Amino acid sequence: MNADAGKSMGRATDPGKLGIAVIGAGVRGSRLARTLQESSDWNLAAICDPDALRATALSRKLGGAPRFGTIDEALDCVPLDTVAVATPLRFVHGTAMTALRAGKHALVERPLGDSLERGLELVAEAESNSVVLMANHAHSFTPAVQHMRTLVLNGSLGELLFVDVVRTGPLSDHAQRDVFWDLAPESLAILDRVLPEGLNSREVSAFGGDPLGTGRDCVGHVNFRLGNDALVHLYVNRLSCVTRHQVVIAGSRLTVLWDGMRPGNQLSVIASTPGRDTGMLPGHRCESGQPYDMEIFHDAVHGQETHLVAEFARRIREADGLASPDASALRVLAMLDAVAVSCSREGTASPVKPPAAAGKAVEP
């Protein structure tokens with residue numbers, strides 16, 4: 001505990017705000033802490049990181065928030081409503097479990113755990129303590145993704161033809177497991193948010209490659225089908241020098257493109273061309289290549305976190321003492337587990353295990 005923590009804890013705080021500790025002062029934790037500090041819903045009550053220099057540097061940037069080496073110290077010394085876990089994947093389960101057992105709500109860095117089984121353990125603990133458990137899938141709550149969901153669900157796109165997702169970025173020292181677990185969770189969460197049935201596929205096929213001999217896949221492909229036999233393809237790549245995050249959903253009337261790397265112009269909607277004969281699907285005619293519509297949303301990375309923390313606060317306040325696990329996060333874990341099995345079988349289709357607790361969990 002830092003020497004001036006007592007003074008910091010003694011400062012008056014807005015009783016209408018929720019007290020939160022951020023566990024992990026790395027890149028993601030730092031960004032999340034800054035967002036929480038600027039939010040009208042939250043009081044940044046503590047920063048925890050075993051790296052004292054890193055925690056101190058972040059604390060100073062954010063006005064001297066109390067800093068601790070462990071979550072246990074923060075729980076003992078600071079009044080908290082909730083904990084935000086922004087640790088490496090291997091520490092997520094233990095850290096989140098400590099918070100839940102202490103009766104604190106938990107926002108967990110994506111994904112919710114390193115397996116569906118471990119994710120369900122967190123859900124069970126959240127239910128037993130009647131607290132909110134939510135995964136940090138920030139993109140899913142932005143206006144651009146919300147509008148994409150509306151276009152899909154209200155039938156504006158017509159019959160869905162295919163979904164193509166690309167997520168690439170340079171190899172990082174912060175890679176935690178393999179390219180699927182590092183890059184796919186956020187994309188899968190977006191698909192679960194916008195597709196008519198969410199991530200409801202019965203099976204998935206996936207294969208990866210490790211051309212550098214790192215011991216884990218750096219490039220990979222994931223394929224599964226929607227209920228109408230439309231194919232969903234997700235391409236992830238940790239070896240690309242170009243960072244991309246795009247989702248294309250093609251319908252018989254319209255095609256929507258979401259681009260997470262273009263904060264000033266994330267969503268574009270254009271007319272689709274199902275085939276040479278645009279009337280091949282009755283009632284679905286469109287002008288080839290002609291812009292139909294354009295939706296512009298100003299969502300920088302920081303803005304994405306803003307929507308996330310607002311949604312987390314809303315869930316806590318509306319839960320009113322009832323458990324609120326995250327159904328979408330469980331479906332993402334179920335898909336990742338199936339991907340791992342398929343990869344181990346050289347791309348053979350693997351069944352997706354439906355998360356049993358998702359029926360009780362909160363839908364976004």
Side-chain angles (χ1 to χ4, degrees), residues 18-37 39 41-51 54-55 58-59 62 65-78 80-129 131-138 140-141 174 176-177 181-182 185-186 189 304-305 308-309 311-313 315-316 323-326 328-330 332-333 336 361-362:
L18 297 164
I20 188 168
V22 174
I23 315 300
V27 175
R28 291 179 176 176
S30 297
R31 186 174 65 235
L32 184 58
R34 287 193 297 269
T35 303
L36 289 164
Q37 187 192 51
S39 170
D41 292 310
W42 297 97
N43 170 46
L44 181 60
I47 296 169
C48 302
D49 197 292
D51 186 330
R54 187 164 63 177
L58 180 58
S59 174
L62 301 180
R67 57 195 185 278
F68 303 90
T70 68
I71 182 175
D72 295 292
E73 291 178 332
L75 291 170
D76 288 341
C77 299
V78 181
L80 295 172
D81 299 294
T82 187
V83 167
V85 181
T87 67
L89 181 61
R90 64 185 182 275
F91 300 125
V92 163
H93 182 270
T95 306
M97 188 64 77
T98 297
L100 296 172
R101 286 173 175 165
K104 309 303 179 184
H105 308 291
L107 175 65
V108 179
E109 187 57 71
R110 57 188 182 273
L112 193 60
D114 55 10
S115 69
L116 176 59
E117 180 182 4
R118 304 263 275 181
L120 287 171
E121 289 175 0
L122 293 180
V123 166
E125 191 65 35
E127 289 179 339
S128 68
N129 287 285
V131 293
V132 174
L133 172 65
M134 180 175 166
N136 181 356
H137 295 302
S140 299
F141 304 103
H174 301 292
Q176 300 182 49
R177 183 161 168 178
W181 286 83
D182 286 344
E186 187 68 38
Q304 295 161 7
E305 299 277 356
L308 170 79
V309 299
E311 172 65 17
F312 187 39
R315 291 190 185 187
I316 291 174
S324 178
D326 192 333
S328 178
L330 291 176
V332 168
L333 286 178
L336 289 170
V362 167

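Everything quoted here is computed from the prediction, not taken from an experiment.
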Checking [X] now: which residues fulfil side-chain contact (heavy atoms from CB on, under 4.5 Å) with it, not counting sequence neighbours?
| X | result |
| --- | --- |
| Ala135 | Leu112, His137, Asp326, Ala329 |
| Ala86 | Glu109 |
| Ala46 | Ala21, Phe68, Ala74, Val78 |
| Thr98 | Ile71, Asp72, Leu75 |

List the steps and the verdict of side chain to side chain contact (heavy atoms under 4.5 Å, CB included) for Val131 and Glu125.
CA-CA 9 Å; Val131 293; Glu125 191 65 35; over 6 Å; no
Is the shortest heavy-atom distance from the side chain of [X] to the side chain of [Y] under 4.5 Å?
| X | Y | value |
| --- | --- | --- |
| Asp114 | Arg90 | no |
| Gln37 | Arg34 | no |
| Thr35 | Leu308 | no |
| Ile20 | Lys104 | no |

Can you list the residues that meet the side chain to side chain donor-acceptor pair (under 3.5 Å) rule with Asp81, with sequence neighbours excluded?
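Not a single residue meets the side chain to side chain donor-acceptor pair (under 3.5 Å) criterion with Asp81.
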My understanding is that only residues two or more places apart in sequence, or in another chain, count here; which of them pass side chain to side chain donor-acceptor pair (under 3.5 Å) with Glu117?
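In terms of side chain to side chain donor-acceptor pair (under 3.5 Å), with neighbours along the sequence ignored, Glu117 is linked to no residue.
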Supply the atom-to-atom distance [X] [atom1] to [Y] [atom2], rounded to the nearest 0.5 angstrom.
| X | Y | atom1 | atom2 | answer |
| --- | --- | --- | --- | --- |
| Leu62 | Arg67 | CG | CZ | 12.0 Å |
| Leu36 | Thr82 | CG | OG1 | 9.0 Å |
| Ser115 | Arg177 | OG | CZ | 7.5 Å |
| Glu127 | Leu122 | CD | CG | 11.5 Å |
| Leu100 | Thr95 | CG | OG1 | 11.0 Å |

Does the pair His105 and Arg315 meet the rule for a side chain to side chain contact (heavy atoms under 4.5 Å, CB included), with working shown?
CA-CA 10 Å; His105 308 291; Arg315 291 190 185 187; over 6 Å; no
Compare every heavy atom of [Y] with every heavy atom of [X], then report the nearest pair and how far apart it is.
| X | Y | result |
| --- | --- | --- |
| Val92 | Pro111 | CG1-O, 4.4 Å |
| Leu89 | Gly113 | CD1-O, 3.6 Å |
| Ala33 | Leu58 | CB-CD2, 4.2 Å |
| Arg118 | His93 | O-CD2, 3.4 Å |
| Cys48 | Thr70 | SG-O, 3.7 Å |
| Leu116 | Leu333 | CA-CB, 3.9 Å |

Please determine whether side chain to side chain contact (heavy atoms under 4.5 Å, CB included) holds for the pair Phe91 and Ile23, giving the CA-CA distance in whole Å, both sets of side-chain angles, and the decisive distance to 0.1 Å.
CA-CA 10 Å; Phe91 300 125; Ile23 315 300; over 6 Å; no
Is a side-chain donor or acceptor of Asp41 paired with a backbone partner of Ala313 at a separation under 3.5 angstrom?
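Pair absent, no side-chain N/O of Asp41 close to backbone of Ala313.
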Please check if the side chain of Ser59 supplies one atom and the backbone of Ala65 the other of a donor-acceptor pair under 3.5 Å.
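Confirmed, Ser59 side chain pairs with Ala65 backbone.
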With side chain to side chain contact (heavy atoms under 4.5 Å, CB included) as the test, would you mind laying out the steps for Val108 and Leu133 before giving the verdict?
CA-CA 8 Å; Val108 179; Leu133 172 65; 3.8 Å; yes
